[in-house]
K.L.:
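What follows is a single structure, and I will ask about it in a moment.
Excluded from the calculations below are hydrogen atoms, water molecules and symmetry mates; all remaining heavy atoms, backbone and side chain alike, are included.
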Amino acid sequence: MTAALTQRSVDLGPAVELVSKEEGHRQPLAPEFVSAEDFSPLEVAYDFGRVRREDIESGPRNIWRYKKLLPVPSNVEEIPNTEPGCTRLVRADRLAKALGLKRVWVKDDTGNPTHSFKDRVVAVALAAAREFGFDTLACPSTGNLANAVAAAAARAGWRSVVLIPSSLERAKILTTAVYDGNLIAVDGNYDDVNRLATQLAAEHETWAFVNVNVRPYYSEGSKTLAFEVAEQLGWRLPEQIVVPIASGSQLTKVDKGFRELGSLGLVDETPYKVFGAQATGCSPVSTAFRNGHDFVQPVKPDTIARSLAIGNPADGPYVLDTVNRTGGAIEDVSDEEVVEGIRLLARTEGIFTETAGGVTVATTKKLIEAGKIDPDAETVLLITGDGLKTLDAIENHVGPKATVPPNAEAVRKALEG
């Protein structure tokens, strides 16, 4: 990284330094993601000071209401951005009944600007990247991140470089390409694309790869899911939460968000359990949990849930730590169960989720049947992306009940039949 990018003063609000996850080595804020001391991932450390509920509640109706808890400039809301967040928390009584749970809430992140939770993490990454002096927003992606990076760059007037597997769903390719950035399809799976991104990040010093060289800041955006859930529940924590696992960062950051709220006195520090959800065709973390391992063995992905198809998840070991510490569990489901999970959520609550959400719903069902989720405990499901992005997953499973001539009698017979 050039001196211009490392020596300029930065305003990242309450963020004060980076800390290595393994041994706690501390270093100044910088666009770095691995500790030179112990080679473990770096995480943002803070000096929050006093944060009050009323300060948050008086903020904008987007994630910047939590700016005092994020590594972003103090004036972040004044700079053009996609303004993600404040998505709805839906009380899902019909889904609860179908699953055999007492009370379920669905955190519906399909309402974000590009219809997935990735708008949150990208907004935080872009804010940090701007402070560090980058001029290009980039990423390797399984789809949702590609959408979010291309849109955020367009809104900010930045150049974008987005790398995707060439086998990505057509809808996600189109909904990235429409922003007219530099979209590059790569022959290979996500792990191949990610390795390429790491190489390019080293070669192009003014490119901010959101999930590579500015990853510590990017990942903090997932905390806003935890902040919103707690605020929307009336400033309290749920007893159980089910989170889909791709890299694993989202799950660990939701947990971090809950813990920060508790330490700041914004919520009571009540116990909660974190559960992880994977597709069987890419389930390295679930397999490790099932086998009682503290390490994750990489796999080659083969699942319709492409947004979760990361065979070598960077935060896999930390997911295991979080789930074990909170008393949760991790499970995986087949592609057939994923489709049924999509359909179950749609027909009970009118929410159309992409395959990742199908994984979350189907895994919840499986965890209940295995006796691992308490049916009487209040449960939150994270639905992280819109079903319009993965239409190919259901196109052979749904359609018209009948095709009839244009008369009422024909419709009546079709309804009776």
Side-chain angles (χ1 to χ4, degrees), residues 61-66 69-70 72 81-90 105-127 139 141-152 155 169 171-172 175-176 190 210-211 215 217-232 238 241-258 274-278 305-310 313-315 319 342 345 351-361 363 380-390:
R61 292 289 301 167
N62 55 54
I63 62 171
W64 306 135
R65 68 200 285 109
Y66 308 109
L69 303 172
L70 296 170
V72 297
N81 68 91
T82 58
E83 301 179 4
C86 286
T87 57
R88 60 184 184 156
L89 183 70
V90 178
W105 298 89
V106 170
K107 182 55 173 168
D108 180 15
D109 244 27
T110 67
N112 275 310
T114 67
H115 309 288
S116 88
F117 90 97
K118 290 294 188 181
D119 291 312
R120 299 172 180 272
V121 290
V122 169
V124 175
L126 175 59
C139 72
S141 175
T142 57
N144 286 326
L145 182 58
N147 295 170
V149 164
R155 172 69 176 139
E169 297 100 332
K172 287 180 179 175
T175 50
T176 302
Y190 174 78
V210 296
N211 49 348
R215 184 178 179 84
Y217 313 96
Y218 157 90
S219 62
E220 292 291 286
S222 286
K223 294 191 309 183
T224 62
L225 280 161
F227 299 157
E228 286 181 21
V229 166
E231 183 181 357
Q232 289 169 322
I241 188 165
V242 186
V243 186
I245 299 170
S247 72
S249 175
Q250 183 186 67
L251 185 148
T252 64
K253 295 304 180 182
V254 165
D255 170 63
K256 185 181 182 184
F258 285 161
V274 181
F275 296 86
Q278 290 203 292
R306 295 190 184 100
S307 61
L308 303 183
I310 297 179
D315 288 278
V319 168
I342 293 171
L345 181 61
I351 298 171
F352 182 23
T353 179
E354 67 161 4
T355 48
V359 170
T360 300
V361 174
T363 297
V380 172
L381 309 187
L382 295 190
I383 301 302
T384 53
D386 196 312
L388 292 174
K389 298 186 176 200
T390 57

K.L.:
Restricting to side-chain contact (heavy atoms from CB on, under 4.5 Å), what partner residues turn up for A146, sequence neighbours left out?
P.N.:
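Once residues adjacent in sequence are excluded, the partners of A146 under the side-chain contact (heavy atoms from CB on, under 4.5 Å) criterion are S141, V162, I164, T176.
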K.L.:
Let me see the working for N112 and T87 under side-chain contact (heavy atoms from CB on, under 4.5 Å), right down to the final yes or no.
P.N.:
CA-CA 7 Å; N112 275 310; T87 57; 3.7 Å; yes
K.L.:
Please list, chain by chain and in numerical order, all residues satisfying side-chain contact (heavy atoms from CB on, under 4.5 Å) with P113, sequence neighbours excluded.
P.N.:
T82, P84, D119
K.L.:
Ring pair (Phe, Tyr, Trp, His ring centres under 6.0 Å) with Y217: which residues, sequence neighbours excluded?
P.N.:
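Per chain and number, Y217 pairs via ring pair (Phe, Tyr, Trp, His ring centres under 6.0 Å) with F132.
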K.L.:
Can you find a pair of side-chain heavy atoms, one from V121 and one from V210, that are under 4.5 Å apart?
P.N.:
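SC-SC contact between V121 and V210 ruled out.
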K.L.:
For A226 versus V254, what's the shortest heavy-atom pair and its separation?
P.N.:
CB-O, 3.3 Å
K.L.:
List the atom of S249, the atom of D315, and the distance in Å for their closest heavy-atom pair.
P.N.:
CB-OD2, 3.6 Å
K.L.:
Please report the interatomic distance OG1(T355) to CD(E169), rounded to the nearest 0.5 Å.
P.N.:
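The CD atom of E169 is 6.0 Å from OG1 of T355, to the nearest 0.5 Å.
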K.L.:
Do K223 and Y66 pass the side-chain contact (heavy atoms from CB on, under 4.5 Å) test, and can you show the C-alpha distance, the side-chain angles, and the key distance before you say yes or no?
P.N.:
CA-CA 10 Å; K223 294 191 309 183; Y66 308 109; over 6 Å; no
K.L.:
Search all heavy atoms of S116 against all heavy atoms of K389 and return the closest pair with its distance.
P.N.:
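The pair with the smallest heavy-atom distance is CB-NZ, 3.9 Å.
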K.L.:
If the test is side-chain contact (heavy atoms from CB on, under 4.5 Å), which one of T384, L145, V149 qualifies with K118?
P.N.:
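That would be L145; it is the only one of T384, L145, V149 passing the side-chain contact (heavy atoms from CB on, under 4.5 Å) with K118.
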K.L.:
Measuring only between side-chain heavy atoms, which start at C-beta, is L251 closer than 4.5 Å to V274?
P.N.:
yes
K.L.:
Can you list everything that forms a salt bridge (charged side-chain N to carboxylate O under 4.0 Å, His left out) with R155? Sequence neighbours excluded, please.
P.N.:
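Partners of R155 under the salt bridge (charged side-chain N to carboxylate O under 4.0 Å, His left out) test: none.
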K.L.:
Can you list everything that forms a side chain to side chain donor-acceptor pair (under 3.5 Å) with N211? Sequence neighbours excluded, please.
P.N.:
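With sequence neighbours excluded, N211 shows a side chain to side chain donor-acceptor pair (under 3.5 Å) to Y190, given in chain and number order.
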K.L.:
Of the non-hydrogen atoms in T353 and G385, which two are nearest, and what is the gap between them?
P.N.:
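Shortest heavy-atom contact: OG1-O, 3.3 Å.
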K.L.:
If the condition is salt bridge (charged side-chain N to carboxylate O under 4.0 Å, His left out), which residues does K253 pass it with, not counting sequence neighbours?
P.N.:
E43, E220
K.L.:
Under the side chain to side chain donor-acceptor pair (under 3.5 Å) test, which residues partner D255, sequence neighbours left out?
P.N.:
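Expected list: R259, Y272, R325.
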K.L.:
Might you work through the side-chain contact (heavy atoms from CB on, under 4.5 Å) test for F117 and L382, ending with a clear yes or no?
P.N.:
CA-CA 10 Å; F117 90 97; L382 295 190; over 6 Å; no
K.L.:
Could you list the residues that satisfy side-chain contact (heavy atoms from CB on, under 4.5 Å) with T363, not counting sequence neighbours?
P.N.:
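T363: side-chain contact (heavy atoms from CB on, under 4.5 Å) contacts with A277, E331, V333, V359, L367.
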K.L.:
List for me each residue that meets side chain to side chain donor-acceptor pair (under 3.5 Å) alongside E354, sequence neighbours excluded, and say none if there are none.
P.N.:
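Only N144, K172, S307 meet the side chain to side chain donor-acceptor pair (under 3.5 Å) criterion with E354.
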K.L.:
For residues I63 and G85, report the shortest heavy-atom separation together with the two atoms involved.
P.N.:
CG2-CA, 3.7 Å
K.L.:
Kindly write out the residues that satisfy side-chain contact (heavy atoms from CB on, under 4.5 Å) with Q232, not counting sequence neighbours, or none if the list is empty.
P.N.:
L89, K107, E228
K.L.:
Applying side chain to side chain donor-acceptor pair (under 3.5 Å), name anything that partners D108, two or more places apart in sequence or on another chain.
P.N.:
R88, T110
K.L.:
Do the side chains of V72 and W64 get nearer than 4.5 Å, heavy atoms only?
P.N.:
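Heavy-atom side-chain distance check passes, below 4.5 Å.
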K.L.:
For the SG atom of C139 and the CZ atom of R215, what is their distance to the nearest 0.5 Å?
P.N.:
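The distance works out to 12.0 Å.
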K.L.:
Which distance, rounded to the nearest 0.5 Å, do you find between the CG of L225 and the CG of D109?
P.N.:
5.0 Å
K.L.:
Return the minimal non-hydrogen interatomic distance between Y218 and A125, and the atom names on each side.
P.N.:
CB-CB, 3.7 Å
K.L.:
Is the shortest heavy-atom distance from the side chain of I241 to the side chain of F258 under 4.5 Å?
P.N.:
yes
K.L.:
I'd like to know whether V361 forms a side-chain contact (heavy atoms from CB on, under 4.5 Å) with I342, so could you lay out the CA-CA distance, the side-chain angles of the two residues, the decisive distance to 0.1 Å, and finally the verdict.
P.N.:
CA-CA 7 Å; V361 174; I342 293 171; over 6 Å; no
K.L.:
Are any non-hydrogen side-chain atoms of T252 and V319 less than 4.5 angstrom apart?
P.N.:
yes
